[in-house]
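Accompanying notes for the structure given below.
In what follows, chains are A, B, ... by sequence order, proteins preceding strands, each numbered from 1.
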Number of protein chains: 2
Amino acid sequence: MVGDRWSLLVVRELLVGPKRYSDVLSGLDGVATNLLAQRLRSLEDTGVVERRVATNPNGIVYALTPWGAQLRETVEALVRWSTPLMALGQGDDAFQAEWLVLALRALLPDRTSKRPIRVHFAVAGALIGLRIDQAGTRVEPRPTDQADAVLDASPTVILGLAAGALTVEQAVAAGSLRGSQRSLDTVFTSHSVIDD
Amino acid sequence: MVGDRWSLLVVRELLVGPKRYSDVLSGLDGVATNLLAQRLRSLEDTGVVERRVATNPNGIVYALTPWGAQLRETVEALVRWSTPLMALGQGDDAFQAEWLVLALRALLPDRTSKRPIRVHFAVAGALIGLRIDQAGTRVEPRPTDQADAVLDASPTVILGLAAGALTVEQAVAAGSLRGSQRSLDTVFTSHSVIDD
DNA sequence: CCGCATCCTCATGGATACTG
DNA sequence: CAGTATCCATGAGGATGCGG
């Protein structure tokens, strides 16, 4: 059901949130439109994906069913497994800021904090939001309000940090990471620091 | 690296333990021999699989590298995700007793017990062993010594039990599960029962 | 036997153009 | 925007061969 080519990548796209056809397409570099249509119908037939026709605008969005959403564990496991490859960074790697929504959630430990903290990642010309509160760690496609800290870095560096393959000190020394030490600590160090 | 057809299934086979070419082949119903050879070489090139030439007999075994073995989390996530399908049991489902080594480990909670207990599953004409001790829950292709309990059931029933989709009472009432109530409790109920 | 390599056929995927 | 239709290239499946 999810072993066909592109299928699990479609799921990955929808794990960020419901999307329209063209948005799924743009997240999947190289997929043929006919194949995407075929995969979406297949995933719909097997109950992984749900096709919704929006009422007000003429829009069709695809979303994961509750069962399909349970593939998050699988995809996150793959994200964690592949971090050594991401850290390597082959020359032809593609990148979209939105992908961090999934990756960071998979890589960062699920911290909680009584006082909610908000961090914005400025990367590849886009902003994504990270929120840590009582409910745990949540990553969102768009930041909703003021940030307590802002991190500005290349994707590779951020992933390297999250994976623990790179230390904050190394990244700062290399000039590849901007943002105050306080900001960095807020995200990447121990819970006591976050909650202080 | 593991998205090609059959690749992750090869990994699944090797997660049980190192295997020879022909054994991997027989675990993968429908794969062409040339494809298997190609995939194994590909997995070897990318550092997921290791090819070992045994010294004493003329044998070649394939094994997962440490990094490749970390795909266990991914495969186990898929096992858990797909239990509703396994419980459904399509008519053309194939089954090999050895597959339970992976499935049970993914499905059963990782219990520990001071006094080691050994359970044998008699299924599809073969025996597999389950051991619970201080180190946790371990499943092995072959039982090594005397069992404290023996479960004799159809694969579907065992999976249903492990997944929690079926209760012990239902299975016994349906006559599809043999073995003493004590034996069943030993495996499927709370830790306190196991350790009593 | 085991561990593949070769050959052939056909299903599947990829690229592009096109349409309601 | 949300796909469909078409055509071509690639990869999968199946049978077979062959050396160790």
Side-chain angles (χ1 to χ4, degrees), chain A residues 1-14 16-46 48-65 68 92-94 96 98 141, chain B residues 1-14 16-46 48-65 68 92-94 96 98 141:
Chain A
M1 288 183 173
V2 295
D4 284 332
R5 224 165 184 172
W6 298 108
S7 292
L8 208 54
L9 293 170
V10 169
V11 172
R12 180 196 70 183
E13 289 301 306
L14 296 181
V16 174
K19 283 187 176 185
R20 288 174 303 166
Y21 185 90
S22 54
D23 290 329
V24 176
L25 193 67
S26 65
L28 267 40
D29 193 35
V31 68
T33 62
N34 55 353
L35 255 198
L36 178 58
Q38 183 183 313
R39 288 292 179 267
L40 281 170
R41 203 171 312 126
S42 165
L43 289 169
E44 193 189 350
D45 291 343
T46 54
V48 176
V49 161
E50 192 184 16
R51 179 193 163 106
R52 296 179 190 159
V53 181
T55 51
N56 16 357
N58 61 338
I60 298 171
V61 290
Y62 293 92
L64 293 171
T65 64
D92 59 344
D93 281 356
Q96 294 181 220
E98 196 198 59
Chain B
M1 287 183 172
V2 295
D4 284 333
R5 222 164 185 171
W6 297 108
S7 291
L8 208 53
L9 293 171
V10 170
V11 171
R12 180 196 71 182
E13 288 301 304
L14 296 182
V16 174
K19 284 188 175 183
R20 288 172 305 167
Y21 184 90
S22 55
D23 290 328
V24 176
L25 193 67
S26 64
L28 267 39
D29 192 35
V31 68
T33 60
N34 55 354
L35 256 199
L36 179 58
Q38 183 182 313
R39 289 289 180 269
L40 281 170
R41 203 171 312 126
S42 165
L43 289 169
E44 193 189 351
D45 291 343
T46 54
V48 176
V49 161
E50 192 183 18
R51 179 194 162 106
R52 295 178 190 162
V53 181
T55 53
N56 18 355
N58 62 337
I60 298 172
V61 290
Y62 293 92
L64 293 171
T65 64
D92 59 345
D93 280 357
Q96 294 182 221
E98 196 198 59

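For A:Thr65 (side chain) and A:Val48 (main-chain N/O), a donor-acceptor pair under 3.5 Å exists by modelled atom type. Side chain of B:Arg5 to main chain of A:Arg5: no donor-acceptor pair is present (N/O by atom type, distance under 3.5 Å, no hydrogens or angles). In this structure, the side chain of B:Tyr21 does not engage the main chain of B:Leu36 through any donor-acceptor pair within 3.5 Å.
OP1 or OP2 of D:dG3 has at least one side-chain nitrogen or oxygen of A:Tyr62 nearer than 4.0 Å. Side-chain nitrogen and oxygen atoms of A:Gln38 include at least one within less than 4.0 Å of the OP1 or OP2 phosphate oxygen of C:dG13. Between A:Arg39 and C:dG14, a side-chain N or O to OP1/OP2 separation shorter than 4.0 Å is absent. Side-chain nitrogen and oxygen atoms of A:Arg41 include none within less than 4.0 Å of the OP1 or OP2 phosphate oxygen of D:dA2.
The distance between atom OH of B:Tyr21 and atom P of C:dC2, rounded to the nearest whole Å, is 12 Å. Rounded to a whole Å, the CG atom of A:Leu36 is 14 Å from the P atom of C:dA15. The CG atom of B:Leu35 sits 16 Å away from the P atom of C:dC7 (whole-angstrom rounding). In this structure, A:Asp4 places its CG atom 13 Å from C1' of D:dA12, rounding to the nearest Å. Rounded to an integer number of Å, the gap from B:Trp6 CH2 to C:dT12 P is 14 Å. One atom, CG of B:Asp29, and another, P of D:dG14, lie 9 Å apart when rounded to the nearest Å. A straight line from CG of B:Leu25 to P of C:dG3 spans 10 Å, rounded to a whole angstrom. Taking atom CG of B:Asp23 as the reference point, atom C1' of C:dC2 lies 10 Å away to the nearest angstrom.
Place A:Arg5 and A:Leu40 on DNA chain D by their nearest nucleotides, and A:Leu40 ends up nearer the 5' end.
Looking only at side-chain heavy atoms (C-beta outward), B:Glu98 and B:Glu13 come within less than 4.5 Å of each other.
Counting atom types as modelled, A:Thr33 pairs no side-chain N or O with a base atom of C:dA15 as donor and acceptor under 3.5 Å. For B:Asn34 against D:dG11, no side-chain N or O and base N or O form a donor-acceptor pair under 3.5 Å.
Nearest to the side-chain atoms of A:Ala37 among the listed nucleotides D:dA2, D:dT4, C:dG3 stands D:dT4.
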*asked:* Assess the residue pair B:Tyr62 and B:Val10 against the criterion (side chain to side chain contact (heavy atoms under 4.5 Å, CB included)); give the C-alpha distance rounded to whole Å, side-chain angles, the decisive distance to 0.1 Å, and a yes or no.
replied: CA-CA 10 Å; B:Tyr62 293 92; B:Val10 170; over 6 Å; no
